[in-house]
Amino acid sequence: MDKNILFKLTSLGCNIFREELLSKHCSFRIGGPADYFIEISNEEALSLFLKTINSDSFYVLGGGTNVLFSDDGYRGVVISLTGKLKEIVINREEIFCGGGALLSNVLNMAIKNNLIGLEIFSGIPGSVGGAVYGNAGSGDVWISSVIKKVGVYIGFKKKWLAKKQIYFSYRESSLENSIISDVCFSLKKTAENDSVATVFENVQRRIKTQPLSFPNAGSIFKNPKGFSAGKLIEETGLKGIRVGGAQISKVHGNFIVNTEEASAKDVLALISLIEEKIYKRFSIKLETEIKIIK
Ligand SMILES: Cc1cc2nc3c(=O)[nH]c(=O)nc-3n(C[C@H](O)[C@H](O)[C@H](O)COP(=O)(O)OP(=O)(O)OC[C@H]3O[C@@H](n4cnc5c(N)ncnc54)[C@H](O)[C@@H]3O)c2cc1C
């Protein structure tokens, strides 16, 4: 990267790291170094960065809870939104937050202010930007259900998109090739707030059904229409199978866990094995939910 740009970004409050291990920035704890890892702390810096970088050579990372990085790392720049791009502001029944804000922090603010609508998403780790990009959800409820509008950078210019201008489906949105800098959630004020009980139930359910004691990236595959990917994997007898340090969780078939210094190669070998066995047995082609970054 151009030294002048790096200097300007630093003077705008960004932190810049060379050869930063991506394993430190994702929940799988897997991944080699990125040429550059830049923490972008405000919109001026984001706009400057986007003006000067080629779109093929950078990747925007949220909480890193839905990604698998390569063992060779990333040739280019990985950016993470921080500082002002993590702020959360409440205005009556709306919450405005930066794309880098943690979903759990937004939920906490909502609960404190008697705003309901987000509690169903409790226990989903990661950032608001990542959740909106992938239309994260719990059961049949998607985060798009509480979105009013989204601030995005397409190229280096910012636009606000109303919800109806964005296409959302199961774990998908039309926000590919854009950077989500802001999200406005539309919630409901209530005097009788039982959000805390819902959050508690959700967390208890997750503790019982998910292998949370090992690094993982959540569900590896999307559920095929009418089926649960986890149940298909379980029925095929694959739970507990290992390749190197990676294992198909014994607790939940749709989770792969990093039990001891797994490599991306180990995880990819398990993914291929599952895809092959499920296709052979059920003629169903599984689609990965996690983003595999080469
Ligand atoms: C234990 C566990 C449980 C989980 N449970 C659920 C669940 O119940 N439901 C569910 O839907 N998911 C679940 N997940 C997956 C994951 O937490 C969600 O998909 C989450 O919303 C991803 O957010 P993130 O910030 O970590 O995104 P990342 O993993 O950092 O990135 C995911 C994708 O979003 C893009 N992205 C991130 N930030 C931005 C941005 N600001 N602008 C544009 N694009 C961006 C990235 O480029 C990438 O393509 C779970 C994961 C774990 C580890």
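Atoms within each ligand, like the ligands themselves, are counted from 1 in listed order. Residue numbers run from 1 in the order of the sequence given.
- Closest approach of Ala217 to Val67, counting heavy atoms only: CB-O, 4.2 Å.
- Protein heavy atom closest to atom 29 (O) of ligand 1, with residue, atom name and distance, is Asn66 N, 2.8 Å.
- Of all atoms in ligand 1, listed by their number and element, those nearer than 4.0 Å to a heavy atom of Leu212 are 1 (C).
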Per-pair distances, 0.1 Å, donor-acceptor, side chain in residues 98-115, under 3.5 Å, sequence neighbours excluded:
residue : atom : partner : partner atom : Å
Asn113  : ND2  : Met109  : O            : 2.7
Asn114  : OD1  : Asn193  : ND2          : 3.3

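- Taking each heavy atom of Glu43 and Ser181 in turn, the nearest pair found is OE2-OG, 4.2 Å.
- Taking every non-hydrogen atom of Gln210 and a distance limit under 4.0 Å, the qualifying atoms of ligand 1 come out as 1 (C), 3 (C).
- Below 4.0 Å from some heavy atom of Leu81 lie the following atoms of ligand 1, by number and element: 41 (N).
- In this structure, the ring of Phe49 has its center less than 6.0 angstrom from the ring center of Phe58.
- What sits closest to atom 38 (N) of ligand 1 on the protein, heavy atoms only, is Gly130 N, 3.4 Å.
- A distance-only check finds a donor-acceptor pair linking the side chain of Glu93 to the backbone of Lys189 [under 3.5 Å].
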Donor-acceptor list for residues 76-83 side chains, cut-off 3.5 Å, not counting sequence neighbours:
none

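- Counting only heavy atoms of the protein, atom 16 (C) of ligand 1 lies nearest to Thr65 OG1, 3.2 Å.
- The shortest non-hydrogen separation linking Tyr74 to Lys294 is CD1-O, 4.0 Å.
- The distance from ligand 1 to the heavy atoms of Gly129 drops below 4.0 Å at these ligand atoms: 38 (N), 39 (C), 40 (C), 41 (N).
- Considering backbone and side-chain atoms alike, Ile124 places every N or O at 3.5 Å or more from each N or O of ligand 1.
- Among the atoms of Ile179, none of the N or O lies under 3.5 angstrom from an N or O of ligand 1.
- The protein heavy-atom contact nearest to atom 48 (C) of ligand 1 is Tyr59 OH, 3.1 Å.
- Of all the atoms in ligand 1, the ones that sit under 4.0 Å from a non-hydrogen atom of Gly63 are 24 (P), 25 (O), 26 (O), 30 (O).
- Annotation: atom 28 (P) of ligand 1 to nearest protein heavy atom, Gly64 N, 3.6 Å.
- More than 12 heavy-atom neighbours from other residues, nucleotides or ligands sit within 6.0 angstrom of NZ on Lys291.
- From the protein, the heavy atom lying nearest to atom 43 (C) of ligand 1 is Ser178 O, 3.4 Å.
- Here the shortest heavy-atom pairing between Ala246 and Ala262 reads N-CB, 3.6 Å.
- For the atom pair CZ (Phe200) and CZ (Arg205), the distance works out to 13.0 Å, reported to the nearest 0.5 Å.
- Atom 42 (N) of ligand 1 has Ile180 N, 2.8 Å as its closest protein atom, hydrogens excluded (heavy atom only).
- For the residue pair Arg242 / Thr259, a side-chain donor-acceptor distance below 3.5 Å is found, with atom types taken as modelled.
- Of all non-hydrogen atoms in Leu286 and Glu275, the two that sit nearest each other are O-OE2, 4.2 Å.
- Between Phe37 and His25, the two ring planes are parallel [angle under 30°; tilted spans 30° to 60°].
- No N or O atom of Gly123 sits closer than 3.5 Å to an N or O atom of ligand 1.
- Of the protein's heavy atoms, Tyr133 CD2, 3.2 Å lies nearest to atom 34 (O) of ligand 1.
- Using a cutoff of 4.0 Å between basic side-chain nitrogens and carboxylate oxygens, Glu234 and Lys239 are scored as salt-bridged.
- Under a 4.0 angstrom heavy-atom cut-off, Ala217 registers as being in contact with ligand 1.
- In terms of N/O distances under 3.5 Å, ligand 1 is approached by Ser127.
- Numbered from 1 in the order shown, with element, the atoms of ligand 1 that lie under 4.0 Å from a heavy atom of Val67 read 29 (O), 31 (O).
- Considering backbone and side-chain N/O atoms, Gly62 comes within less than 3.5 Å of an N/O atom of ligand 1.
- Within the listing of ligand 1, atoms 2 (C), 50 (C), 51 (C), 52 (C), 53 (C) sit less than 4.0 angstrom from a heavy atom of Gly218.
- Less than 4.0 angstrom separates some heavy atom of Pro125 from each of these atoms of ligand 1: 2 (C), 3 (C), 4 (C), 17 (O), 20 (C), 50 (C), 51 (C), 52 (C), 53 (C).
- Within the structure, the closest approach of Ser138 to ligand 1 does not fall below 4.0 Å when heavy atoms are considered.
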